[in-house]
Amino acid sequence: MNESSHLDELLASRASSTRRTIDPSTVVIFGASGDLTARKLIPALYHLAVERALPTPYRIIGFARREKTPDSFRSELLEALRKYSRTRTVDESVWNDFAKNIDYCQADISEAAGYGRLKQMIQSASDEKLRNNLLFYLATNPSQFGEIAEHLSQVGLLTKCENGGCLQRLVVEKPFGHDLPSAQQLNAELIRHAHENQIFRIDHYLGKETVQNILTFRFSNGIFENLWTRDSVDHVQITVAEKLGVGSRGGYYEESGAMRDMIQNHVLQVLSLVAMEPPVSLEAEAVRDEKVKLLKSVRPMTPADIARNVVRGQYFAGEIDGETRPAYRSEPKVNPKSNVETFVALKLWIDNWRWSGVPFYVRTGKNLPVSASEVRVQFKPAPNILYGAKSGVRLDPNSLTLRLQPDEGIALRFNGKVPGAATKLQPVRMQFSYDTEFGAYTPEAYERLLLEAIAADATLFIRRDEVETAWAIVDSIRSAWTDKPLTNREFYLAGTWGPTASDDLLGTDGREWKHPTV
Ligand code: BG6
């Protein structure tokens with residue numbers, strides 16, 4: 001066997017070892033009357049059924065306080081599906097089959113007897129695997145996670161399993177805590193009743209195709225990874241921009257702000273995938289080890305660093321696409337004197353061998369001009385001794401943009417010669433677009449995540465040390481803001497790219513943000 005075919009075999013075996021056969025499972029959704037169930041979970045499960053990706057047999061049990069029969073629960077879900085499914089139309093025969101697998105357990109989360117009823121329901125299944133292979137999806141307020149786990153454990157539906165092969169699993173939604181101590185507390189509560197291998201912490205960004213493709217792009221191609229170091233990269237920009245304001249979520253947002261809502265999870269996840277070292281395999285622990293290592297290399301900031309390298313902002317009234325947007329302070333359920341940030345820009349340093357001296361600029365915000373997320377890796381410029389040097393023109397540096405959403409794709413920017421007798425250069429783009437290449441198939445992040453959790457593969461979920469390390473980064477920054485009211489300079493007009501201090505963050509380094517366009 002020659003060396004390359006040996007390598008091919010090795011790669012194939014590593015890739016396939018990440019996909020297990022999916023055993024029949026019962027999925028129990030706590031918070032089954034809630035928004036997440038209607039908007040995301042049921043549409044995702046339905047689409048998995050359409051694609052015949054669910055195991056045979058499977059069962060879905062909704063657990064919630066509201067009085068309703070299994071039939072009325074099913075009708076509500078059908079209604080929701082018609083509204084929120086990514087395809088909108090519902091295939092009647094798939095739905096009829098799907099609906100047969102759905103049941104409803106009416107109980108209050110703090111009512112012990114309700115868990116007894118749930119147990120009876122689960123054990124009424126004739127298939128042994130349906131009775132034992134259990135996925136508990138906690139789509140509830142995080143303050144109830146510990147209580148649910150405790151009740152499940154008391155009735156014997158959840159057993160802490162130490163040595164792998166765990167049949168019962170908990171899926172927990174974000175926010176996982178609101179700071180490091182609360183996340184540690186939550187972890188301690190869950191770990192009493194479930195092993196870390198049984199806990200699946202969701203970050204829906206990890207379910208996005210394009211976010212998963214970051215690793216594929218980096219580690220399945222020979223040419224880019226060689227450039228992915230301080231020798232070639234000038235800096236990296238990560239933008240997660242949203243055109244919407246906080247809307248009806250003011251109550252939640254007042255407690256979170258952009259730092260907790262987006263940076264602690266989605267943005268740091270993207271950063272860790274962009275910057276981590278190659279894992280030894282694609283197995284969950286190998287990938288997560290590298291992500292944690294990366295997050296631990298983010299340089300802690302002193303108060304002086306925070307003053308220099310962190311920009312926060314809050315939107316005031318403005319206009320986007322001709323539509324007026326109220327100021328954050330005028331949004332429903334928001335304190336009219338709120339100092340909560342709706343925009344953050346940070347300059348982060350990663351103190352490891354690969355990235356020493358390369359700044360990572362990240363930003364996120366609400367009511368920005370477009371909804372778009374992208375990672376831009378900007379390379380060091382070519383020596384400017386030939387083209388443009390005499391006329392004082394600065395050569396455009398090469399850049400590679402990983403477009404996460406929308407218009408998912410990858411673009412490489414380089415200089416080309418404008419046809420003609422004069423030597424005139426112009427930056428041009430080489431572009432890969434998901435839609436053009438693979439058709440407009442964009443599964444919802446929750447489809448992939450639910451399937452992975454049912455298959456008990458934790459690669460796309462956040463490990464305990466990962467969530468805690470991310471909180472440590474965010475807490476250190478937030479602590480500098482405590483009680484500091486926003487200054488005038490920290491407000492931005494809805495529909496703009498944040499406060500001017502965000503431009504200055506790069507401007508003082510002789511760089512500038514490249515704003516995503518749609
Ligand atoms: C959620 C945040 O986690 O992510 C929201 O709570 C945000 O505030 C959303 O709008 C963004 O997700 P997406 O998939 O629309 O980029």
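Nothing fancy with the numbering, it's 1 onward along the sequence. As the structure lists them, so they are numbered: ligands from 1, and atoms in each ligand from 1. Computed from a predicted model, the values in this text were never measured in an experiment.
Stacking of R201 on the aromatic ring of F461 is not recorded, the 6.0 Å distance cut-off and the 45° axial limit not both being met. The cationic group of K174 does not satisfy the cation-pi geometry with F176, failing either the under 6.0 Å distance to the six-membered ring centre or the 45° limit from the ring axis.
For the residue pair Q212 / R448, a side-chain donor-acceptor distance below 3.5 Å is found, with atom types taken as modelled.
In terms of protein heavy-atom proximity, atom 10 (O) of ligand 1 is nearest to E242 OE2, 2.4 Å. Shortest contact from atom 12 (O) of ligand 1 to any protein heavy atom: H204 NE2, 3.2 Å. Nearest to atom 14 (O) of ligand 1 among the protein's heavy atoms is K208 NZ, 2.6 Å. Here the heavy atom of the protein found nearest to atom 15 (O) of ligand 1 is Q405 NE2, 4.4 Å. Taking atom 5 (C) of ligand 1 as the reference point, the nearest protein heavy-atom neighbour is R249 NH1, 3.3 Å.
The aromatic rings of H266 and H204 lie perpendicular to each other, with more than 60° between the two planes, well past the 30° mark. Relative orientation of the F63 and F30 rings is tilted, given thresholds of 30° and 60° on the angle between their planes.
Judged by distance alone, the side chain of W513 and the main-chain N or O of S502 form a donor-acceptor pair under 3.5 Å.
Comparing heavy-atom distances from atom 3 (O) of ligand 1 across M262, K174, K366 singles out K174 as nearest. Within the set L244, D261, V240, the minimum heavy-atom distance to atom 8 (O) of ligand 1 is found for D261. One option in H266, R260, E173, E444 has a heavy atom closer to atom 4 (O) of ligand 1 than any other, and that option is H266.
Rounding to the nearest 0.5 Å places CD of Q198 at 11.5 Å from CG of L135.
By the criterion of a heavy-atom distance under 4.0 Å, the side chain of Y205, and not its backbone, is placed next to ligand 1.
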